[in-house]
Amino acid sequence: MSKHEIALEVNGRPVSATVDPNMSLLELLRTEAGGLEVKLGCGEGVCGTCTVLLDGEPVNSCLTFAVQVDGRAVTTVRGLAAEGELHPLQEAFLTHAGSQCGFCTPGMLLTAKWYLDRHPRADREELRSALSGNFCRCTGYTKILDAIEAYRDARQEVSVVD
Amino acid sequence: MSTEIADRDATIVAPEQASPDASRRGAPVHHRDFVEKVAGTLPYADDWGFPGMLHGVVVRAQLPSARIVAIDTSAARAVPGVRAVLTAADVPHNGIHDEASGLGVDAIQQPVLAADRVRYDGEPVAVIAAETPGAALEAAGLVDVEYEELPGVFDPEEALRDDAPAIHAGGNRYVDWRSSIGDVDAAMRSADLVVEETYRSQRVDHAYLEPEAGIGWIDSDGVLTLRVSTQVIEHAREIAEILKLPHSRVRVIASYMGGGFGGKEDMTIEPFLALLVWRTRRPVRMVWTRQESLLARYKRHPFTMRYRTGVRRDGTIVAQDVRIVGDAGAYPLLSSRVLFAATVNATGPYRVQDARVESTAVFTNNVPTSAFRGFGAMQVVFGYESQMDRIAELLGLDPAEVRRRNFVQRGDLRVTGEPIDTGVGVGECMERVLAELGPPSRPSGPHSRIGRGFACSMQPYGRSVFFADRASAWIGLEQDGTMVIRAGVTDLGAGQAASLANIAGEILGVTVDRTSVHIGDSALTPLTGGTFATRQLYMSGNAVLKVARSLRSKLEPVAAALLECEPAQLSFEDNRVSVGDRSLTMAEVAQAAEHQGVMPYVHETFEAETGEFDRETGRGRSFPDYTHGAHAAEVEVDESTGQVRVLKYVACHDVGRAISMQRVEGQIQGAVAQGVGYALSEDVELVDGVPSSTLFAEYLIPSSVDLPDIRAIGLELHPGKGPLGARGIGEPPIGPSAPALASAIQDAVGVRLQRLPMTPERLLDALQAARGASGSVAS
Amino acid sequence: MYSAPFEYVRASSWPEAVDLLEGGGEDARVIAGGQSLVPMMMLRLAAPSLLVDVSAAADRSVDLVDAELVLSALVRHADIEHSEVVRGSCPMLTEAVTHIGNVRVRHRGTIGGSLAHGEPTAELATVAVAEGATVTVLGPGGERAIPAGDLFVTHFTTSLEPGEVVTAVRFPVPGGRRGSSFQEIARRAGDFALVEAAATVALDEDDRCLSVRLVVGAVSDRPVDVSQAARPLIGERIGEDAVGEVARAVAAEIEVGPHTHAGREYRRRLVSVLAGRALLTAADRAAGAVHTDHGNGARA
Ligand SMILES: Cc1cc2nc3c(=O)[nH]c(=O)nc-3n(C[C@H](O)[C@H](O)[C@H](O)COP(=O)(O)OP(=O)(O)OC[C@H]3O[C@@H](n4cnc5c(N)ncnc54)[C@H](O)[C@@H]3O)c2cc1C
Ligand code: FES
Ligand code: FES
């Protein structure tokens, strides 16, 4: 197996690594980029715990090889806010108890953020279907949706004021 | 008078109805772990590493019943980077799990690694440690096991036959329980109507999103240390026995879990990790794949429940006769206790003067079954609630009215002969959910039918009282007034650690941001017993409450002297101790105390109430207390495809007193989600002991679009036995979903399903059977 | 989870991809979105020796040319989902892709990969057959066009020759009073389908059926074109009774393969229900009637 030199951006920071082709993006992030917030829940693309944004779009980091993302930009949940701070969506999850065990939370937050960026006025049912590929075994989703809606509303108020 | 606080829709709670401290208790309290979870920075078991660590994998049998003729590990050992390949012969004491019931059921040891016999598909036969995960996996594929296939038995009823192949030396009948009160046969004869039905539940996977994981190493003190995703750090002792080490030489640290639900109550990776670390003297990490977890991790017991109920014409139950058979799979684990819980809870929240419940746990060559949220007491909810609906149907009565006539009250006896000694709020919960569903929805298409149903339940919290349960905790104040709590609790994600901070804070006035909670370390935190049986709030909560009160009474004289008042006048709030407008900071109090030689810390033990249970007669004290509740649901059924959509869901429980109403709601909603999956879609299907799939894609836990918003209502009606009057809420809300949905489906399309899960295919079959094949429609 | 080792190269054009595949030998495979191939590799059900990444071989272009909708093989499910051009010219595609997996799968998975994979439940395969699409293929021997109906052979097997790549998929865009419908039932939203039915109906000025196509997916080893069974509808006004008869006939005759979690008879019944719904909905849409919902099986 020949090694490949790759360079990508993770949460705005350059990361370069020498990888075997069979290293997954998930493993790259967890081992080379300190991205332990990217979780392996199934390895099949169904559960969503490994969600990251690749050039702004949600993908399965468990089903993407690191070599495939050479030159691209990856965002994990830690890229949502500056180090030591929380993004308002994260705050909303906290306030509304959208996280219990927390294992689904990074993927949930990224999917929600991506979707609301594209559909700022998405209603609850649209949000529900956008999240259909991010499983949560703890919350029953109700408080997750509460949190996302609260963030959406707060953001809209801000933009109206602007 | 009942008080409801912090309802999800907070606006509907009029201020005068809310309890005075509702705003404080309802206010979000962001314990550290929750902040880190949303930030993505909380480390889970799989996130720890050591330089030079090895990677462990388990080699598993690929057939359900066989004799092991030989194991050749030479090819596996030859893989570059492999550091250990261990088989049964390498395990110092190759047996886990003594008798678990606490009531003297015969002990059957489960091997850590199968020695001469494989009893289920996926049973561990070897463990490997290697420098890279790739090498470990490659070696796993090269372990050559020679099997002689043996006949297996996969159906519990068949396993009970005399000619069935015996899975263990003592036969396949693992344990029988029997409890009775009054004279059930005579009472049955006196009944106006006897209703007999059989209900079946299935094998279910916990499907926590974090697969089993952990890391082990030998620490600088020479102690074998494991940091794992576990509900029970006390397994340290069991691990020591396996390695034939003194108990003091093994330490288990529980990481925050990515979900447990009972699935991390028995050991998962611990014994394998321990063996590999001890043998290689190197740090080792082990993570099971999802597919491995689905294959071989212990599941929920499938039950067959036969209910025979004698009733009077007005719906009053006069006799209840229940027979339960549970599939234990290949090893005992906690089956004796699960079936015990099923037995004593099988009659539900209904008066039973004459009743008998019998149950049997049976060995089969299926994957073992053990603890899972609801623990035997949830399967029976489907039995007794379906039975109540059937009674109402046959008598032409309102199902709510039939229940009202039979609800237990404080002081009534259970089938075990013990009285219910706290208040019973099940009736209020039922009335509440019936009122909450609102106007019926309109069908979305010409083939859709709308239906509604509800179900009630009474599920225990706390361990069986004959275990004489105990939990210890330590609380101290630092010189700067910050608080330290130490308790061996494990945190499943339900806010176990956060609750302790809340409880201690309520007594000592130290806020959560100035509190550190150290949990889950068998060497450094006082032991509390594991997080299971909805016991943690009850046990550790009470322990922390007791310690906090005791520390407060130590500090009060110190503060009173400084503030020149009576101890009783002091209030502890917001990190200050005050009387009127004079106050001291917690730091000042802590410093003054130490200065005076009053050490500002306390360690104490809470002892749960105890009682005796006689296994022979099936009478005595079983569980300390119960949480009551009711759920109601509205569904839409597509008559031509059998698909069921849950449109509305309301769940109400009497929680006694909510330590955090938001967490109570979260527990209810999460349990309902699992309950709905259990009712409609989840099933670990085995064909002769072999799973038809081990893909997560094919194990149908509900996704966001499979569930409606779940309206969770926590009522504070009757104080329970937890701290400050709280009742456990972790498990009880999982029971009523299946019967509530069965009844809603029946309301919609007229057929009642008695087997779980209620899949579209089963529903369509039942509809066709009910209508005759001619009635089918094309579009 | 770790796949077996392999070599990896990127192709910057389709011809280069063909060359690289040829040079890579028997076990070389194209990787596009990887959403079918990578899970198989991770579960060790596939172990290619070389992966030729085609994601940079061409643009993800969507073009409407000469009454044809031409999709680059690299067009992703999400591109289809959000394309107004697709919605306007071949709405069945738009309707079908929302049933595929989840947002992450739809952002990586490609139409070329979906068709080349030969999975009998693939929505896009069923649509391609129903809409009479043509697959453009480039191989060592040059370019050729394969009608979608001839592409699918059996489970995970297509009529692509070794070394051939799919470069584009062409959907005819006929004018006139035409409607289509894609119906699906899966065990859970986004899961692979238990049954799919895709129908197109063209009507004359008098609301009589000019032509009809009906394809059933996910029940056999490939999409099954059962348009023949719908012929009695031609020349008629399409109504529930006639459609019911067609649907029952289709369900009675179609070969239903085994499924791990669902019985044959159950899926046969679903064929009848979905075929009926697809035909009626397509006819309604053709008539431009106020959209009546004949009950979509999806839970989404
Ligand atoms: C959780 C999950 C759920 C899914 N659900 C669905 C679903 O409901 N319906 C559905 O249809 N699909 C589903 N998929 C599969 C998904 O749609 C895939 O994206 C698609 O089937 C294959 O496209 P791809 O680009 O990812 O192909 P790849 O995985 O890259 O390749 C698949 C196969 O096609 C070959 N190939 C790819 N591109 C070309 C080309 N241009 N020329 C020749 N050969 C090529 C590859 O060599 C490989 O053999 C699901 C996947 C996941 C992970
Ligand atoms: S781990 Fe990637 S989707 Fe589950
Ligand atoms: S919070 Fe545990 S899985 Fe979502």
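All values derive from a computational prediction rather than experimental measurement. Labels below follow one simple rule: chain letters A, B, ... track the order of the sequence lines, proteins then strands, and each chain is numbered from 1.
- Of the residues considered (B:V35, B:D33, B:L42, B:T289), B:V35 shows the highest number of contacts with chain A, using heavy-atom pairs under 4.5 Å.
- For B:S229, no part sits under 4.5 Å from any heavy atom of chain A, backbone or side chain.
- The choice from B:L294, B:L209, B:V672, B:D491 that makes the most heavy-atom pairs within less than 4.5 Å of chain A is B:L209.
- Ranking A:K39, A:E91, A:Q90, A:E44 against chain B, the residue ahead of the rest is A:E44, based on heavy-atom pairs under 4.5 Å.
- In this model, a donor atom of one side chain and an acceptor atom of the other lie less than 3.5 Å apart for B:Y649 and B:S737.
- Annotation: ring-ring contact (aromatic ring centres under 6.0 Å, His included) contacts involving residues 80-110 of chain A, sequence neighbours excluded, comprise A:H87-A:Y151, A:F103-B:Y44.
- B:E731 contributes a side-chain N or O that, together with a main-chain N or O of B:G374, makes up a donor-acceptor pair within less than 3.5 Å.
- Both the backbone and the side chain of B:D46 come within less than 4.5 Å of a heavy atom of chain A.
- For chain B, the option among A:I144, A:V38, A:T139 with the highest count of heavy-atom pairs below 4.5 Å is A:T139.
- For B:E36, no part lies under 4.5 angstrom from a heavy atom of chain A.
- Counting heavy-atom pairs closer than 4.5 Å to chain A, the top residue among B:G49, B:G260, B:A673, B:G258 is B:G258.
- In terms of non-hydrogen atom pairs under 4.5 Å with chain B, the most contact-rich of A:L36, A:T105, A:L80 is A:L36.
- Neither the backbone nor the side chain of B:V287 comes within less than 4.5 Å of any heavy atom in chain A.
- Only the side chain of A:L109 comes within contact range of chain B, with heavy atoms under 4.5 Å apart.
- Using a 4.5 Å cut-off between heavy atoms, B:P702 contacts chain A through both its backbone and its side chain.
- Ring geometry, B:Y208 versus B:F261: the interplanar angle falls under 30°, so the pair is classed parallel (tilted spans 30 to 60°).
- Neither the backbone nor the side chain of B:I668 comes within less than 4.5 Å of any heavy atom in chain A.
- No donor-acceptor pair closer than 3.5 Å links the side chain of B:R227 to the backbone N or O of B:G214.
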May I have the step-by-step check of salt bridge (charged side-chain N to carboxylate O under 4.0 Å, His left out) for A:K3 and A:D20, ending in yes or no?
CA-CA 5 Å; A:K3 304 251 182 207; A:D20 285 328; 3.2 Å; yes
Using the side-chain contact (heavy atoms from CB on, under 4.5 Å) rule, take B:H631 and B:C652 through it: C-alpha gap first, then chi angles, then the decisive distance, then the call.
CA-CA 6 Å; B:H631 295 191; B:C652 175; over 6 Å; no
Using residues 71-78 of chain A as the side-chain source, report each donor-acceptor pair under 3.5 Å to any protein atom, sequence neighbours left out, with the distance given to one decimal.
residue : atom : partner : partner atom : Å
A:R72   : NE   : A:D55   : OD2          : 2.7
A:R72   : NH2  : A:D55   : OD2          : 3.3
A:T76   : OG1  : A:N11   : ND2          : 3.0
A:T76   : OG1  : A:E37   : OE2          : 2.5
A:T76   : OG1  : A:R78   : N            : 3.2
A:R78   : NE   : A:E37   : OE1          : 3.1
A:R78   : NH2  : A:G34   : O            : 3.1

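- Side-chain contact of B:S444 with B:E636: a donor-acceptor pair under 3.5 Å is present, judged by distance alone.
- Only the backbone of B:L492 comes within less than 4.5 Å of a heavy atom in chain A; its side chain stays farther off.
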